[in-house]
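This report concerns only the one structure given below.
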Amino acid sequence: MTNCNKKPVTKQQIDPLCTKYNINQILASIFVRRGITEGKDLLYYLEDDLRFQHNPFMFSSMEDAVERIIQAKEEEEKILIFGDSDVDGITSTAILYSYLKNNGYDVQWKLPLADDPYGLNITAIDEFYNQNGSLIITVDCGISNFEEIKHANDLQIDVIVTDHHNPPEILPEAVLILDPKTQDSEYPFHDISGAAVAYKLVSALRFAETNFYNAEICLMDIQEDSANNCLYIDCIKIKNLVKIKQLHEKISYGTSIYNSKLIGFLQGQLIYSWNAKHIKKYLNDIFGSGVEFNILDFSSELSSVFPQLATKSLSELVDLSSIGKYIDEERTPINAFFNLYVTFTKRIIASNHSKHIEDEKKDLQLVGLAALADIMPMKDENRLFVKNGISSMKKNKPRQGLAELFAKLSINVDSITSTDLSWTVIPALNAAGRLGQSNIALELLISENPQERESLAVKICELNEQRKDLVAKAVYKVHDAAEKSVTENQNKLCVVIDEEINKGVTGIFAARLMQDYDVPAIAVTFIDDICIGSMRSCRNFIATDFLDSFGDFFINHGGHDYAAGFSFERSKLDLFLKKIKDSIPEIQLSDESQVVEIDAEIPANYLKPDIFEIIDTFEPYGAENPELLFMSKNILLSDAMIVGKKEPLHLKLTFNGGEYKFPAMYWGKAERYNKDISINNFYDIIYKLNRSYFNGLETKQLTIRDIQSPEIQK
């Protein structure tokens, strides 16, 4: 049987999670095995409220970006959105373009087509300059376009870079940069997609349409310490729903107001307290009645939205705080006050700007797609993006463009999962960009004409079939060269260079080689005098660090830790190969492990329908969150048959756990039937849980990873 490992967990590790988060022991044990035990991490598995996403104004440059874009509208400037040709770039462009266009901006878009290089290019800048354009916003690109942005600056064109790729050592001289990976971004989560960055910008622009934009307020709370004859005063300054400054001060009775920090902190502030009358009395007691504080009572305002909370004390609100349940630092009266104020404000905005909510749901469908397409880790707010994106598809129906594509791909929206999107929708959308026609995918998402969208969806499906053929042919053609490269490079790297590899599929091809040989892989092709390449990495070998080690060899290069692209002059090909050869001794790959990690062992009699709720908790699956893998021992195989539409290659099995029977699929293993697998015998199995849908009916089933007789195991 597959060499597997089930990490041991203890009752002392499991019980606190069960108690604090009201989860069962199996779920808690899986969290422990996966190293997910901190409340700030569990939050994104157990909650799906968008309230828990990070505020866009946590980007240090977000307010300036909003102001510059609003200025462009006021001064009737022309704006160019320049994106990338993959799913992340296309969705980024669609999100920002749709918002600006629908809100009266003079905006146009451009994507790389055919043999255009990655990222912003000089030709696009010059064309925009000739149209009297004055503001370029890059999406999902730009962070490495140093020379191009300098050229735009020389033409008096401002550039705002919104990107998420690893930044180079020297950043381009853009007017503003929004990239969570730059050192000064201040954004709390680095691994969001380019579409998520564009979404954050649009969210900030939507917020700027409300009366709360740039309004500064101060929240105040006072707690009495009668034993020490003093008060503890907590204040939080808020701007755009972000904490910008905090004050925690201990003040003894009889202290002069002028000896405290309060005057400087509160000067010119609109002050809210939970119970103004109560707080004013405290202040009078400590500073005397001659000092006047203009404090507004927030609990009375809250009563119009949350009447059930207005009568409670701040201490009681601490116990009711959702975020405080997960993050201990939030379990203070002043932080409970802050979180309630943010929730209240967002509720007010939602009631007054319902169109914002509708548009946000459409945007999240694209943000969720981009997170999966760009293999963003399925943790933190990425989980909220994908959860809410899929939820919107199901409840609000797929947005324009996706609806037509789903129909052509025969996607059942009611049962769609992150896995479905990753294996069907994303490759189809990506095909347009791979084959130099990214504009088709973007036009599908932004077109207002239903007939046009139908036609574009058909075209995308055709391009996807072409893409499959190109990859299959490339794999067949260079098989021997790939084998030779792995051997020559000491089983550390696979490098394939062939002019017949289509530029658009170098990334897919490199990924295929990486999977086949379990080493980092590089695929290179030629366009005229330029070599275009992609690198896909694994085993903790960082692709961008490797390419950075080449110095100034490349025309341009960049990407993520495990996926990167590059280009260089064809005349340097021999030097490129020499650099590769010289680097081999320095390449260190993490040890290859054939051990399969089991998330939980389910006794046969515990295998019941409600166990499937566990896989829903971990959905969406993706990078750093693989599908759950279970083990059951000594379970009866009660039925089996060989199936297959074209060829009888698969086994359809039925396992009897006692109270319930479950169907199972064992793909590609028909030859084992009546050899080492036969009915009315007991087996140990490793499997995934999943649901299949046919004619509107849901079937809970197992997908077998491995099966073996218990006797053989012994």
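Side-chain atoms are counted along with the backbone in the values below, which use heavy atoms only and exclude waters and symmetry mates.
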Practice task
Specify whether W667 and H650 have parallel, tilted or perpendicular ring planes, treating 30° as the upper limit for parallel and 60° as the lower limit for perpendicular.
Solution key: perpendicular
Problem - Flag if over 12 foreign heavy atoms under 6.0 Å of NZ, K492 - result: yes
Problem - Side chains of K200 and Q53 in contact at under 4.5 Å (non-hydrogen atoms) - result: yes
Handout entry: Under 3.5 Å: donor-acceptor pair, side chain of R672, backbone of I677
Key = no
Exercise for the section: Applying ring pair (Phe, Tyr, Trp, His ring centres under 6.0 Å), run through F576 and F566 and close with a yes or a no. Expected result: CA-CA 12 Å; F576 175 75; F566 57 86; 5.7 Å; yes
Handout entry: Donor-acceptor under 3.5 Å (K181 side chain, H164 main chain)
Key = yes
Kindly list each side-chain donor-acceptor pair under 3.5 angstrom involving residues 621-629, sequence neighbours excluded, with atom names and distances?
from	atom 1	to	atom 2	distance (Å)
Y621	OH	I615	O	2.9
E624	OE1	K379	NZ	3.3
N625	OD1	R34	NH1	3.0
N625	ND2	F618	O	2.9
N625	ND2	P620	O	2.9

Problem - Test: E619 and R383 ion pair at under 4.0 Å - result: no
Exercise for the section: Could you tell me whether a side-chain N or O of D84 sits under 3.5 Å from a main-chain N or O of C141, the two making a donor and an acceptor? Expected result: no
Practice task
Could you check if a side-chain atom of N145 sits within less than 4.5 angstrom of a side-chain atom of P172, using non-hydrogen atoms only?
Solution key: no
Exercise for the section: Kindly write out the residues that satisfy salt bridge (Lys or Arg N to Asp or Glu O under 4.0 Å) with D516, not counting sequence neighbours, or none if the list is empty. Expected result: R512
Practice task
Would you verify whether the NZ or CZ of R536 falls within 45 degrees of the ring axis of Y562 while also being under 6.0 Å from that six-membered ring's centre?
Solution key: no
Practice task
Kindly confirm or rule out a cation-pi arrangement of R705 over Y687, judged by NZ or CZ under 6.0 Å from the six-membered ring centre and within 45° of its axis?
Solution key: no
Handout entry: Pi-cation contact, F553 with K572 (under 6.0 Å, within 45°)
Key = yes
